[in-house]
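Here is the structure we will look at.
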Amino acid sequence: MKTPFREARGTGPAIEETSRTPQPVRLDIQGLRAVAVSLVVLSHAGARGFGGGYVGVDVFFVISGFLITSLLLRELSTTGAISIRKFYARRALRLLPASTLVVLATLIGSWLFLSKVRFEEYAGDAVAGALYVVNIRLAVGGTDYLAEGSPPSPFQHFWSLAVEEQFYLLWPLLLLLSWGWARRGGRLALPLVICCLVSFWLSVEVTASSPPWAYFGSHTRFWELGAGALLALAAERLTRLPAAVAAPLTWAGLACVVLAAVRYDTATPFPGYHALLPVLGAGLVLAGGCAPARGDARLLLAARPLVRLGGLSYGWYLWHWPALVIVPAALGRPLDGAWALVLCLLALPLAWATLRLVENPVRFHPALRGRPGRALALGGGLSAGAAVLALTASLFPPPIDSGRDAVDTRYEIAAAADPALRLRQLLGTSGTSLPSNLRPALTDIKGTRSALYRDGCHVGYNSTRIPACVYGDRTSARVVVLFGDSHAAQWFPALDRLARTHRWKLVTLTKSSCKAAEVTIVHDGRPYSSCDVWRDRAIARIRALRPALVLVSSSEAGTPVRPAADPVRQWSDGFRTTFDALAASGAKVAVLLDTPWPRTDAVDCAAGYPLRLDRCANRLPEAIRDPSRRQAVMDAARSAHATLIDPVPWLCTPAGTCPVLVGNTLVYRDDSHLAEACAEALAPVLDTRLTLAPGARPSTR
């Protein structure tokens with residue numbers, strides 16, 4: 001996932017219910033819904049200038065809270081109670097027929113065209129989508145650093161529907177309790193205001209500490225739906241707004257929504273404080289619209305094209321996202337820019353057909369309407385049926401190998417008298433189809449975690465802790481340190497094997513995206529200050545350890561906060577500062593250059609082209625992520641008299657081809673990191689280079 005939860009931003013409009021009692025039609029709300037879904041679609045299609053279009057979801061949340069609470073209040077004022085049974089029956093008829101259809105269609109498309117290795121994951125997403133808990137699944141996945149390079153799930157767009165349904169599990173009961181308290185002299189809105197304030201506080205706090213949970217969590221979104229609900233409580237008073245106030249409010253609100261859409265982007269910490277702008281904007285449009293006035297935003301929002309588009313917003317939202325994910329895979333090429341917009345527009349006829357042929361016939365069927373028991377049974381059957389079908393499909397994943405065996409890479413390299421020579425021979429004869437004895441299986445490669453990750457030793461983005469992680473021979477006097485970012489951590493399986501063989505005491509000090517160089521980089525649109533703090537602490541720990549060898553490695557990705565006119569010099573100076581500091585501990589410093597990068601996510605590409613792996617291979621020099629950064633590392637290593645190790649000859653042929661398969665081992669686990677099995681297989685080759693670092697290889701005892 002480029003960072004998976006960011007690519008899901010903006011998926012999912014809110015849905016209103018329909019009252020059986022005729023009510024004045026608010027065409028401006030239909031138009032506002034059209035604006036919101038259009039912003040979401042533009043954002044997903046990558047339209048320039050609409051990087052913050054995901055705020056359309058926040059607008060939908062406010063609309064949903066306003067409309068559904070208005071309906072519930074009418075029921076309370078008429079009957080003095082809320083029928084929870086009828087409430088959920090109405091929502092089942094409104095939501096489930098269309099969403100179930102899209103779940104099943106997306107599941108079929110995923111089986112046919114998307115990554116075969118991830119089909120089991122997609123089936124799990126389908127189950128979570130059908131049961132309205134996919135937001136929790138995405139939040140958990142979004143906190144997994146190793147999953148960040150994976151493409152987005154075609155079911156991600158169900159996250160906001162899940163948030164709404166979790167909200168509406170509690171909202172009718174809370175409203176009913178508040179109503180009873182108000183009848184005893186309390187203020188009806190007070191409990192609701194308190195809940196919204198707590199939710200907003202959680203949104204701000206969790207956005208800083210755990211962005212995926214902040215974005216997908218219902219606890220951090222409650223206040224947005226609650227804001228619309230509070231407007232519904234004040235709707236009668238808002239009808240008395242003077243025209244001179246109401247009309248400007250609607251235009252100001254619309255401006256707030258559009259401003260957020262064009263000023264925000266994926267680097268904006270969201271929701272947190274930033275969600276206030278689109279929520280305020282939607283609230284102002286709804287509030288001003290309670291007192292219709294000449295010259296208000298109805299001039300735009302009540303226009304027939306927007307009203308009609310608003311009526312299709314649910315179906316358009318449901319169809320456009322899987323279309324954007326599946327169709328390019330089916331065509332075998334990415335569709336971006338204008339073509340992505342065209343693809344989204346082609347989803348509109350599907351939305352229209354779904355409304356006319358599925359949603360309305362079920363929603364207004366005389367056998368179901370007004371019969372909550374039947375409606376609930378149908379809804380439960382649809383959800384359960386979709387979940388069962390998805391689980392069943394996961395038992396029959398698409399085939400992903402050629403049916404033929406290949407040589408055992410690890411054995412061939414380990415048994416060779418010259419491991420580097422044998423590796424070059426294997427590279428020259430690398431297969432172009434997945435073997436049946438691939439180890440580990442393609443479906444397991446992304447999920448395979450070395451002890452470094454399983455033990456929590458690889459430090460995440462926000463942390464500055466220095467974990468006490470020791471491997472190999474813990475009693476040995478010879479200490480070897482692995483230091484750097486995740487591209488250093490990818491070598492842990494190899495170094496762990498060598499530590500056990502040579503009885504080294506192996507200490508790991510690695511942090512996500514934290515470069516070894518003394519250069520402050522940008523992360524999530526802000527200075528990566530936690531990296532600078534962690535790096536200083538890690539170097540202090542290394543000085544205290546006084547190791548025999550420090551193996552340093554960093555990814556060539558990363559942008560300085562203050563780019564210099566001479567970037568090679570800037571990075572060279574930064575690396576030289578770090579290498580000198582490490583050498584001051586008395587250790588020999590070995591610098592392992594970054595590995596060549598695959599063309600795309602290697603596992604997903606191999607799953608898509610299991611018999612044409614040549615389509616996944618990259619070539620030099622394109623496989624070098626940043627040649628200038630590479631030169632800077634080399635200059636700094638030579639200046640600091642550190643041992644320089646280049647892994648490119650281990651992973652690319654002399655002709656410049658960098659395959660994704662060597663023997664029975666896939667080289668990469670994603671779009672930049674070595675697979676665990678490949679790194680371990682390269683241990684003998686790495687061993688021959690580490691012996692070049694004087695004093696690094698202790699005698700066995």
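In this structure, Arg465 places its CZ atom where more than 12 heavy-atom neighbours from other residues, nucleotides or ligands lie under 6.0 Å away. Other residues, nucleotides and ligands contribute more than 12 heavy atoms inside 6.0 Å of the CD atom of Glu205.
Ser430 contributes no side-chain N or O that, together with a main-chain N or O of Val662, makes up a donor-acceptor pair within less than 3.5 Å. Of the possible polar contacts, none joining the Ser115 side chain to the Ala607 backbone as a donor-acceptor pair under 3.5 Å is found. Side-chain atoms of Thr657 do not come within 3.5 Å of backbone N or O of Thr653 as any donor-acceptor pair. Proximity of a side-chain donor or acceptor of Lys511 to a complementary backbone N or O of Ala538 within less than 3.5 Å is not detected. Checking side-chain atoms of Thr464 against main-chain N and O of Ser530 turns up no donor-acceptor pair under 3.5 Å. Of the possible polar contacts, one joining the Thr207 side chain to the Gly272 backbone as a donor-acceptor pair under 3.5 Å is found. For the pair Asp265 (side chain) and Ala267 (backbone), a donor-acceptor distance under 3.5 Å is present. Under a 3.5 Å cut-off, the side chain of Asn437 and the backbone N or O of Ala406 do form a donor-acceptor pair. At least one donor-acceptor pair closer than 3.5 Å links the side chain of Arg599 to the backbone N or O of Arg615. A donor-acceptor contact shorter than 3.5 Å is absent between the side chain of Asn135 and the backbone of Ala162.
Glu556 pairs with exactly one of Arg629, Arg630, Arg625 by the side chain to side chain donor-acceptor pair (under 3.5 Å) rule, that one being Arg630. Of the residues Arg118, Arg669, Lys446, the one that meets the side chain to side chain donor-acceptor pair (under 3.5 Å) test with Asp601 is Lys446. When Ile136, Leu202, Leu138 are each tested for a side chain to side chain contact (heavy atoms under 4.5 Å, CB included) with Trp213, only one passes: Ile136. Shown are Glu676, Glu680, Gln490; of these, the side chain to side chain contact (heavy atoms under 4.5 Å, CB included) with Ser450 is made only by Glu676. Screening Leu421, Thr665, Val407, Leu661 against Leu426 for a side chain to side chain contact (heavy atoms under 4.5 Å, CB included) leaves a single residue, Val407.
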*Evaluate the criterion side chain to side chain contact (heavy atoms under 4.5 Å, CB included) for residue pair Leu593 and Val648; output intermediate values, then yes/no.*
CA-CA 8 Å; Leu593 295 175; Val648 169; over 6 Å; no
_Worked verdict on Asp594 versus Asp626 for side chain to side chain contact (heavy atoms under 4.5 Å, CB included)_ = CA-CA 10 Å; Asp594 196 10; Asp626 187 341; over 6 Å; no
*Please walk me through it: do Val507 and Leu482 pass side chain to side chain contact (heavy atoms under 4.5 Å, CB included)?*
CA-CA 6 Å; Val507 177; Leu482 177 62; over 6 Å; no
_Using the rule given for side chain to side chain contact (heavy atoms under 4.5 Å, CB included), can you reason through Val470 versus Leu506, listing the C-alpha separation, both sets of side-chain angles and the distance that settles it, and then say yes or no?_
CA-CA 6 Å; Val470 180; Leu506 175 61; over 6 Å; no
_Full working for ring-ring contact (aromatic ring centres under 6.0 Å, His included) between Phe492 and Tyr453_ = CA-CA 10 Å; Phe492 173 80; Tyr453 287 98; 8.7 Å; no
*Passes ring-ring contact (aromatic ring centres under 6.0 Å, His included), Tyr264 versus His274? Steps please.*
CA-CA 9 Å; Tyr264 294 175; His274 289 89; 5.3 Å; yes
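Side chain to side chain, Ser486 and His458 fail the donor-acceptor criterion of an N or O pair below 3.5 Å. In this structure, a donor-acceptor pair under 3.5 Å is present between the side chains of Asp532 and Thr520. Under the 3.5 Å distance criterion, with hydrogens and angles disregarded, a donor-acceptor pair is assigned to the side chains of His502 and Asp687. Under 3.5 Å, the side chains of Thr409 and Asn664 contain a donor-acceptor pair of N or O atoms. Using modelled atom types, one finds a donor on one side chain and an acceptor on the other under 3.5 Å when comparing Asp125 with Ser153. Using a 3.5 Å distance cut-off with no hydrogens or angles, the side chains of Asp566 and Gln570 do not pair a donor with an acceptor.
Contact record, Ala590 with Ile645: CB-CD1, 4.3 Å, taken as the closest heavy-atom pair. Phe579 approaches Val633 most closely through the heavy-atom pair CE1-O, 4.2 Å. Across all non-hydrogen atoms, the minimal contact from Gly53 to Ser43 is CA-CB, 3.6 Å. Considering all non-hydrogen atoms of both residues, Leu434 and Ala606 come closest at CD1-O, 3.8 Å. Counting all heavy atoms, side chain and backbone alike, Pro598 lies closest to Asp670 at CG-O, 3.7 Å. Pairing each heavy atom of Tyr528 with each of Gly460, the nearest pair is OH-O, 4.4 Å.
Rounded to the nearest 0.5 angstrom, Phe270 CZ and Leu277 CG are separated by 9.0 Å. Rounded to the nearest 0.5 Å, atoms SG (Cys658) and CG (Leu427) are 9.0 Å apart. Note: Arg619 CZ to Ile624 CD1 = 13.0 Å, rounded to the nearest 0.5 Å. The distance from atom CG of Leu114 to atom CD of Glu121, rounded to the nearest 0.5 Å, is 10.5 Å. Annotation: the span from Leu509 atom CG to Arg537 atom CZ amounts to 13.0 Å, rounded to 0.5 Å. Here the straight-line distance linking atom NE2 of His523 with atom OG1 of Thr559 works out to 12.5 Å at 0.5 Å rounding.
Residues Lys515 and Cys531 have side chains not in contact (no heavy-atom distance under 4.5 Å, counting atoms from C-beta outward). Residues Leu592 and Leu551 are in side-chain contact: their nearest non-hydrogen atoms beyond the backbone lie under 4.5 Å apart. Side-chain contact between Pro154 and Tyr122: present, with at least one pair of heavy atoms (C-beta onward) separated by less than 4.5 Å. Under the 4.5 Å side-chain criterion, counting only non-hydrogen atoms from C-beta, Val591 is not in contact with Phe575. Counting heavy atoms from C-beta outward, Leu651 and Leu682 have side chains that approach closer than 4.5 Å. Trp201 is not listed as a side-chain neighbour of Ser203, based on a closest heavy-atom distance of 4.5 Å or more. In this structure, the side chains of Trp571 and Pro560 come closer than 4.5 Å at one or more pairs of heavy atoms.
Here Phe222 and Phe200 keep their ring centres 6.0 angstrom or further from each other.
A salt bridge does not link Asp418 with Arg422: none of the charged nitrogens is closer than 4.0 Å to a carboxylate oxygen.
Sorted by first and then second residue, the ring pair (Phe, Tyr, Trp, His ring centres under 6.0 Å) pairs with a member in residues 587-608 read His487-Trp597; sequence neighbours excluded.
For the pair Arg478 and Trp504, the NZ or CZ position fails the cation-pi test of under 6.0 Å to the six-membered ring centre and within 45 degrees of the ring normal. Figure legend: Arg221 and Tyr215 shown as a cation-pi pair, the cationic atom lying under 6.0 angstrom from the six-membered ring centre and within 45 degrees of its axis.
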